Amino acid sequence: MKVFIDPPNSMILFDLVERFGHEPLSSMAVIQEKVDNIEVDMPPMNVTLEDVIKGLKYAGIEVPSGIRGRLALWGPMIDAADAAIVIENPPFSFGCVGCDRSNELTKYLLQRRGIPMLTVAYPNDAEGAKSMVGQIKEFLDNLGKGAKA
Amino acid sequence: MSTARETRLLMISPDSNITPDVLARAVHTMAENLSVKETCYGCLVEADAEVMKTIISKVRADYRNEVFTKRRGYPAGDPRRCRAQHGTRPGFAQLEAEWECLPLIQHALDDIDAGNTSYSETVRKKPLPVSELKKICEEFQ
């Protein structure tokens, strides 16, 4: 099943979802599409008019362009996802997730879709890591069973 | 999605004994038609989607919970990202943050592999209600 990961560029989440037998939906794949097919200098920081229009489906015209730009990439993945895993409060410098409004809107869109969603915390110690990995494994295992039933 | 090229980033957990050189050499022998670039954290691998599947399953078999992977949007050595060409490296802070976390994840996965699947859910911190704060303040008066 397709699992949207948030932060969408997280290696830990990407690896765990793939390790436990599902397909992670991450920003890297959509960025590759732009790197390979579109002649812009610096994707995803440079966008095309198409992206701006696409972003309007997920965020209004009055919303800052950075949020709309991010959601132009993440929105179609949220639409395609069968489930989602969210890690709360990633470090501020964590790639492209420094914009809290984008993060709020992403979580809102995920909740509005009503797909199975797991929220976990970044681990600080061994116990926290065990809890995080255990919850993700259980969630993904049950996801497979739910699909077969 | 484009299937012609898949670039993967392989990162070694800090608790592992393998080195980027060992990993890069091992990955080179795993399949044909691939390119490998050794990096400070592990290596970058580039191949088509089918070959990449083989490589990842072999890496997971040989270095079960020691090597972690994710896709990369840019090809290896792309001038827009390559340090040698003064490219920007916006993903570095994120990689560093997750690299610090990897030993914890590695040991959690080792535990699960050993059959120890029990865990206790971490208690989420909630904001202190104003009434509670007021009570605490009054106690100190």
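Every heavy atom of this structure was used, including side-chain atoms; hydrogens, water molecules and symmetry mates were not. Quick caveat, the model's predicted, so the values are computed rather than measured.
In this structure, B:R60 and A:D15 have side chains that are in contact, with non-hydrogen atoms separated by less than 4.5 Å. Residues B:E98 and A:Y122 are in side-chain contact: their nearest non-hydrogen atoms beyond the backbone lie under 4.5 Å apart. Between B:L104 and A:M132 there is no side-chain heavy-atom pair separated by less than 4.5 Å. A 4.5 Å side-chain heavy-atom check between B:R5 and A:V35 finds at least one atom pair inside the cut-off. Residues A:M28 and B:L9 form no side-chain contact, since every pair of their non-hydrogen atoms from C-beta on lies 4.5 Å or further apart. Side-chain contact between B:K70 and A:N9 is present, with at least one heavy-atom pair separated by less than 4.5 Å.
With a threshold of 4.5 angstrom between heavy atoms, B:T117 does not approach chain A through any atom at all. Heavy atoms of B:D110 lying under 4.5 Å from chain A are absent altogether. Only the side chain of A:K137 comes within less than 4.5 Å of a heavy atom of chain B; its backbone N, CA, C and O stay farther away. Interface residue A:S10: backbone and side-chain heavy atoms are both found under 4.5 Å from chain B.
Both B:Y63 and B:L10 belong to a common hydrophobic cluster when Ile, Leu, Val, Met, Phe, Trp and Tyr are linked at side-chain heavy-atom distances under 4.5 angstrom. A continuous path of ILVMFWY side-chain contacts below 4.5 Å connects A:V63 to A:I78, so both sit in one hydrophobic cluster. Transitive grouping of hydrophobic side chains (ILVMFWY, heavy atoms separated by less than 4.5 Å) keeps A:L16 and B:V67 in distinct clusters. Note on A:V30: it does not cluster hydrophobically with A:L56, by side-chain heavy-atom contacts below 4.5 Å among ILVMFWY residues. Both A:M11 and A:I87 are assigned to one and the same hydrophobic cluster, defined by single-linkage of ILVMFWY side chains at heavy-atom distances under 4.5 Å.
In terms of heavy-atom pairs under 4.5 Å with chain A, the best-connected choice from B:L109, B:D78, B:T7 is B:L109. Comparing A:D125, A:N124, A:I12 by how many heavy-atom pairs each has under 4.5 Å with chain B, the most go to A:I12. For chain B, the option among A:Q135, A:E138, A:E88 with the highest count of heavy-atom pairs below 4.5 Å is A:Q135. Of the listed residues (A:P123, A:A126, A:G128), the greatest number of heavy-atom pairs within a distance under 4.5 Å of chain B belongs to A:P123.
Side-chain atoms of A:K130 never come within 3.5 Å of backbone atoms of B:I112 as a donor-acceptor pair (strictly under, hydrogens ignored).
For the atom pair OG of A:S27 and CZ of B:R71, the computed distance is 11.0 Å after rounding to the nearest 0.5 Å. To the nearest 0.5 angstrom, B:K53 atom NZ is 10.0 Å from A:E18 atom CD.
The 12-atom threshold is exceeded at CD of B:E138, counting heavy atoms of other residues, nucleotides or ligands nearer than 6.0 Å. For A:K2, the NZ atom is loosely surrounded, since the number of other residues' heavy atoms within 6.0 Å does not exceed 12. Within a 6.0 Å radius of CG in B:N17, other residues, nucleotides and ligands contribute 12 heavy atoms or fewer. Summarising the local packing, CD of B:E132 is surrounded by more than 12 heavy atoms from other residues, nucleotides or ligands at distances under 6.0 Å.
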Task: Worked verdict on A:R19 versus B:N65 for side chain to side chain contact (heavy atoms under 4.5 Å, CB included) - done: CA-CA 10 Å; A:R19 202 176 274 265; B:N65 301 326; 2.9 Å; yes
